[in-house]
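Okay, structure first, notes after.
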Amino acid sequence: MTSEIDQVRRLAAQGEHFAAINLARQLRSETSIQDKELDYLEVLSLARSASTSEARAKYMEYGLQNEPEIKFRTLPARLLKDEALSLPKDLAQTKFLAARDQYLGIHKNHPEDTYTAINAATLSLLGGDGAKSEELATRVLSIASNETEIDYWHWATRSEALIILGRLNEAREALQRGMELPAQRDDVVSTLRQLELLCASKKLNSSFLDILKLSPVAHYWGEALDARELDALLTEHCVILIKEEIREKLVEIQPISLFGNLNPGLDLLIAEVALSQGVELNIVIPHPSEIYLKSLEKKMPQGWLDRTRSFLEHAANVEVVDTQRDGCFSDVEILFATRVAMGKASLRARAIGSDAIHLSFGSNLGSPSAPLSSDPCNEWTATGRKGLRVKTPQLCTPTTDCRATPRSHNQAKAESPVERVFLFADVKGFSSLGDRQMPNFVKQVMGTFRAVQDQIGDDGIEFKNTWGDGVFLVFSDVGQAAHYALTCQQTFRDLKNQTIDLPEEISVRIGLHAGTAWRLKEPITGKENYFGNAVSKAARIEPVTQEGQLFASEQCAALLELSPESNIVAEYVGQVETPKGFGVHPLYKLVRNFSG
């Protein structure tokens, strides 16, 4: 079992936190293993992937608070710091100082430990106690001067202390010396995040930290081509020039990972070049591979169809956003897969502490007559992230792009699927209520959903339905759906703090999923409703949601990354088995982040 735990440790060290979490849970489930090191690695990976509340819950569940080693005992202080980082500044300072005091309590019993001392120093600064921060930083340098084991962490710790003391030239030199020594990727990411906090707090130019930055995660998009133009790609000389443009940009950016699609067009050349250069390729497609390839038969020559199959086989990961077997490959579904790929690139970058960048390739980018609206670069840069347009040689007369307009993704023909966000909620404990409690339940608990609707407005709520304790709502915008759901949960918590004539175990579970579905008129009611695999999947998320929480699918979490004004973040929960044979899916818990 040691080798399996070592594999979890390697994944965590490489910054592959989701994979480390999933493997740790798989080992525990399949072998009934009881190993505190495995528990620690899972909790640490949860913390480093910004799943703070889940990490705290697992820390207590696994009993790590009873372990004597420093690395176990310091985890609560680290989690308290992470909680503070999600709060407004006036509320965060109190928690920073509380976390500082926890580190100091441990340092008192281990006076030669620089880890606890430097964390206490940084937290003192973040908490507004500059004098204590400098006192502790000076102590750290004194302890470090007597260390005999000079490794990466020795220099990283010295640099942190020197930044606190304002000795930036020495801090830069310490970082440079540290980077000359072996270091795990995740250790470097952790250092970067900590030092960026320091520089922001002291209002320092942080450009000297660039030495610590990983290569970015990139999302790619290629201009669409019709069958005639794709056929030309197999014969025309300019394909060499196009591939060279793509290759040069990938060499310049040096992405650690690429996310995108395999739509007919330059997507295919990008995938080909990426695989030839050994770049990790992550592909998002609307439907399962065989159905997807079948739908492409009339859209591309056989040569490119064979290459597309090869790209799917050799990609590092292929995600299917809709597993239904009769995909119709509509414009809306193509665009939805594009937006999911964009969001997944951002999720991956956030998880490993890297930047996310977008690359658009095409011959007509920026031209008024070209289908610029189908280029998602605008949607990407609206989030504040960097996006680049790379102009490539033109093959022939531009085709009409088959993709829909990102800014009007809520519009669709009546006979086509539409992209929506689906919310299902129910109330745990409803079945135990007696008839006499029903009026109070309907007024107070179900009334909460209506009260929030009145509070935030219902312009974006396109459909509403209830039955007993169940609620089904359809939203046009993922940010509004998440805001509504979190407001409902907070309102219900406030209600429970009041004196209400309902059982204590009453709680609300809410699940969210984004996808494409059919908007059709019901023959019985004569009213429009939503039908499809995405609606069914949303209904399967709610039953596995923790009481009082909001769980969301990965597609939903990905689209949230594209909401520039959202203060809602997705914390990874793990691979969760959903009921009624809907399989195992990665789920996220949505929480608010007020730090700005």
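Excluded from the calculations below are hydrogen atoms, water molecules and symmetry mates; all remaining heavy atoms, backbone and side chain alike, are included.
Under 3.5 Å, the side chains of Gln7 and Arg10 contain no donor-acceptor pair of N or O atoms. Counting only N and O atoms by type, the side chains of Asn282 and Glu280 include a donor and acceptor under 3.5 Å apart. Using a 3.5 Å distance cut-off with no hydrogens or angles, the side chains of His287 and Glu333 do pair a donor with an acceptor. A donor atom on one side chain and an acceptor atom on the other are found under 3.5 Å apart for Glu522 and Thr525.
Salt bridge present: Asp39 and Arg28 bring a charged side-chain N and a carboxylate O closer than 4.0 Å. Ion pairing between Glu547 and Lys428 holds under the 4.0 Å rule for side-chain N and carboxylate O.
For NZ of Lys294, the number of neighbouring non-hydrogen atoms (other residues, nucleotides, ligands) closer than 6.0 Å is 12 at most. Counted within 6.0 Å of CD on Gln65, heavy atoms from surrounding residues, nucleotides or ligands total more than 12; the atom is thus considered enclosed.
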Please evaluate residues Arg592 and His483 with respect to the criterion side chain to side chain donor-acceptor pair (under 3.5 Å), reporting the C-alpha separation (whole Å), side-chain torsions for both, the decisive distance (0.1 Å), and the verdict. CA-CA 9 Å; Arg592 293 194 190 277; His483 175 54; 2.9 Å; yes
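In this view, Phe475 and Tyr484 satisfy the ring pair (Phe, Tyr, Trp, His ring centres under 6.0 Å) rule, not counting sequence neighbours. Checked against ring pair (Phe, Tyr, Trp, His ring centres under 6.0 Å), Phe430 has the following partners two or more places apart in sequence or in another chain: Phe441. Ser53 is linked by a side-chain hydrogen bond (donor to acceptor under 3.5 Å, both in side chains) to Glu571, Lys589, counting only residues two or more places apart in sequence or in another chain. A search for salt bridge (charged side-chain N to carboxylate O under 4.0 Å, His left out) contacts involving Glu61 returns Lys58, not counting sequence neighbours. Tyr62 pairs by the ring pair (Phe, Tyr, Trp, His ring centres under 6.0 Å) definition with nothing, not counting sequence neighbours. For Arg450, the salt bridge (charged side-chain N to carboxylate O under 4.0 Å, His left out) test picks out Asp454, with sequence neighbours left out. For the side-chain hydrogen bond (donor to acceptor under 3.5 Å, both in side chains) test, no residue two or more places apart in sequence or in another chain qualifies with Tyr59. Arg56 pairs by the side-chain hydrogen bond (donor to acceptor under 3.5 Å, both in side chains) definition with Glu83, not counting sequence neighbours. Under the side-chain hydrogen bond (donor to acceptor under 3.5 Å, both in side chains) criterion, Thr545 pairs with no residue at all, not counting sequence neighbours. Phe311 is linked by a ring pair (Phe, Tyr, Trp, His ring centres under 6.0 Å) to nothing, counting only residues two or more places apart in sequence or in another chain. For Asp186, the salt bridge (charged side-chain N to carboxylate O under 4.0 Å, His left out) test picks out Arg48, with sequence neighbours left out.
Thr448 places a side-chain N or O within donor-acceptor distance of the main-chain N or O of Gln444, the cut-off being under 3.5 Å. One N or O on the side chain of Gln437 and one on the backbone of Gly434 form a donor-acceptor pair closer than 3.5 Å.
Ring-centre distance between Tyr530 and Phe472: not below the 6.0 Å cut-off.
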Please list, one pair per line, the donor and acceptor atoms closer than 3.5 Å that link side chains of residues 548-557 to other protein atoms, with sequence neighbours excluded.
unit_1: Ser553; atom_1: OG; unit_2: His513; atom_2: ND1; d: 2.7
unit_1: Ser553; atom_1: OG; unit_2: Cys556; atom_2: N; d: 3.2
unit_1: Glu554; atom_1: OE1; unit_2: Lys344; atom_2: NZ; d: 3.0
unit_1: Glu554; atom_1: OE2; unit_2: Tyr588; atom_2: OH; d: 2.8
unit_1: Gln555; atom_1: NE2; unit_2: Val321; atom_2: O; d: 3.1

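For the pair Ile461/Phe463, no side-chain contact is recorded, criterion being any heavy-atom separation below 4.5 Å from C-beta on.
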